[in-house]
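Down below is the structure, laid out as structure tokens.
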Protein chains: 2
Amino acid sequence: MSELSKKQQIVSASDLLFYQRGYAATSFADIAEAVQISRGNFYYHFKSKDSILDAVISLRLANSHKLLRDWESCSLSAAERIGCFINRLLVKQTDIMRYGCPVATLNTELAKLNHPAKATASMLSTVFRTWLRRQFFLLGEKSSADLLAMHLLSRSQGAATIANTFGEQKLLQQEVQLMHDWLRTCIKLPAGNISTPSLASA
Amino acid sequence: MSELSKKQQIVSASDLLFYQRGYAATSFADIAEAVQISRGNFYYHFKSKDSILDAVISLRLANSHKLLRDWESCSLSAAERIGCFINRLLVKQTDIMRYGCPVATLNTELAKLNHPAKATASMLSTVFRTWLRRQFFLLGEKSSADLLAMHLLSRSQGAATIANTFGEQKLLQQEVQLMHDWLRTCIKLPAGNISTPSLASA
DNA sequence: GTCTATACTGAGATAGAC
DNA sequence: GTCTATCTCAGTATAGAC
């Protein structure tokens with residue numbers, strides 16, 4: 001068989017479909033087609049659609065942690081790691097222009113649906129918030145680390161939103177550049193482009 | 001009867017519900033209950049759900065134009081008018097924390113649904129983009145007016161998103177303050193708080 | 001574990017009486 | 001213009017055979 005269990009295939013296909021079409025708009029038929037099983041067979045693996053959502057959020061949390069660990073294991077400086085975060089928008093620009101930021105769009109959808117999983121979904125944002133906060137802390141911005149972290153998170157989600165709305169790649173690239181500029185001035189670093197190394201690590 | 005026609009009532013109730021629950025998640029039953037008519041009676045006024053969406057977008061466009069006209073008719077300076085735009089986030093902070101930015105969330109939802117009305121919905125963002133661009137132009141930022149307009153639009157939508165995700169009022173207020181600070185430094189204006197007059201005009 | 005068949009629900013939409 | 005009744009379809013979920 002394949003390298004992944006059927007259950008894992010369902011979760012990973014749902015992950016993609018929830019991102020591309022939204023949670024509510026994705027039906028079991030869509031997922032069943034993607035993983036090539038019958039609709040009825042779902043309930044052997046998951047007891048409800050909500051439980052698939054829970055599994056998808058867990059998967060995304062795990063993937064986010066892995067991403068952050070990868071950026072750290074490159075043993076870059078904190079400023080370069082933040083640069084990696086900013087450049088993530090470029091690495092994912094095609095998807096972002098079509099479907100927006102995966103974290104933000106899931107959160108806003110669940111907020112409107114008043115869905116019980118909203119709280120755990122917001123943990124996806126918290127992971128990046130906490131990580132960014134620590135990077136700014138390491139840069140010496142001890143008192144305003146959270147403010148800076150939230151500011152950057154806010155700007156990255158805003159950039160993703162306008163790129164998705166207008167479908168203009170240039171907008172995303174402009175905002176990424178402005179974020180790098182902001183990072184350079186807000187921390188008192190010597191010049192030198194921090195954006196070069198970070199694009200490599202997708 | 002009431003001051004609004006039944007058709008107008010349907011549009012305005014749908015406007016609110018589409019914002020609060022999302023377009024797809026709002027059913028005719030929801031709208032019917034809100035305006036106190038029977039489900040079957042819808043089709044006298046609108047031939048489909050999509051046509052209600054078109055009407056809602058038209059209404060929002062008209063309301064946006066009216067809002068911008070109001071800010072202009074106060075005969076403030078261009079900088080103060082931009083301040084009004086920024087402060088809009090504070091005026092609407094309760095709704096934004098619950099339901100996000102009305103413009104951004106509709107756009108992202110329609111993008112995921114691949115809905116034909118996505119293009120006209122993006123006009124809602126374009127209205128603000130164009131208006132902001134003109135304000136920056138009037139401030140003397142002739143070559144980078146569009147860049148500055150999109151930057152501010154991006155930041156306002158990002159601020160709305162994180163406030164909605166984390167449910168922390170303070171985050172929204174912090175970002176609003178940073179936008180005012182940015183505005184003051186990006187245009188070479190004498191000091192003096194530009195946020196004071198703009199909160200008045202909701 | 002995987003399938004088919006089916007129950008049940010709520011959605012958008014239509015027909016026709018009043 | 002507004003109503004009730006009804007159609008059709010897609011969605012989630014279940015039952016039970018293999």
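To find a chain, count down the sequence lines: A is the first, B the second, and so on, and within it residues start at 1.
Between W71(B) and F85(B), the ring planes lie perpendicular to each other; the angle is over 60°, past the 30° to 60° tilted range.
Taking only side-chain nitrogens and oxygens, S27(B) never comes nearer than 4.0 Å to OP1 or OP2 of dG10(C). Distances shown here put every side-chain N or O of N41(B) at or beyond 4.0 Å from the OP1 or OP2 atom of dG1(D).
Proximity of the aromatic rings of F28(B) and Y43(B) is defined here by a centroid distance below 6.0 angstrom, and this criterion is met.
If you measure from atom CD1 of I37(A) to atom P of dC18(D), you get 21 Å, rounded to the nearest angstrom. Regarding D50(A), its CG atom lies at a distance of 17 Å from the P atom of dG11(D), rounded to whole Å. The distance from atom CD of E33(B) to atom C1' of dA11(C) is 16 Å, rounded to the nearest whole Å. In this structure, CG of L53(A) is placed 15 Å from C1' of dT12(D), rounded to the nearest angstrom. One can place CZ of R39(B) at 9 Å from C1' of dG10(C), the figure rounded to the nearest angstrom. Rounding to whole angstrom units, CD1 of residue I31(B) and P of dA11(C) are separated by 11 Å. Per the geometry, CZ belonging to F28(A) stands 5 Å off P belonging to dT12(D), to the nearest Å.
Projected onto DNA chain D by closest heavy-atom contact, D30(A) and G40(A) fall at different nucleotides, the more 5' of which corresponds to D30(A).
As judged by a 4.0 angstrom heavy-atom cut-off over every strand, S38(A) is placed among the base-contacting residues.
Between L148(A) and W182(A) the shortest side-chain heavy-atom distance falls below 4.5 Å. In this structure the side chain of H65(A) never reaches within 4.5 angstrom of the side chain of W131(A), judged on heavy atoms. The shortest side-chain heavy-atom distance between L171(B) and R129(A) falls under the 4.5 Å cut-off.
S73(A) and D70(A) share no donor-acceptor pair across their side chains, judged by distance under 3.5 Å alone. Counted by atom type alone, R184(A) and H180(A) present zero donor-acceptor pairs between their side chains at under 3.5 Å.
Shown for residues 42-49 of chain B: residues whose heavy atoms fall under 4.0 angstrom of DNA chain D, namely Y44(B), H45(B).
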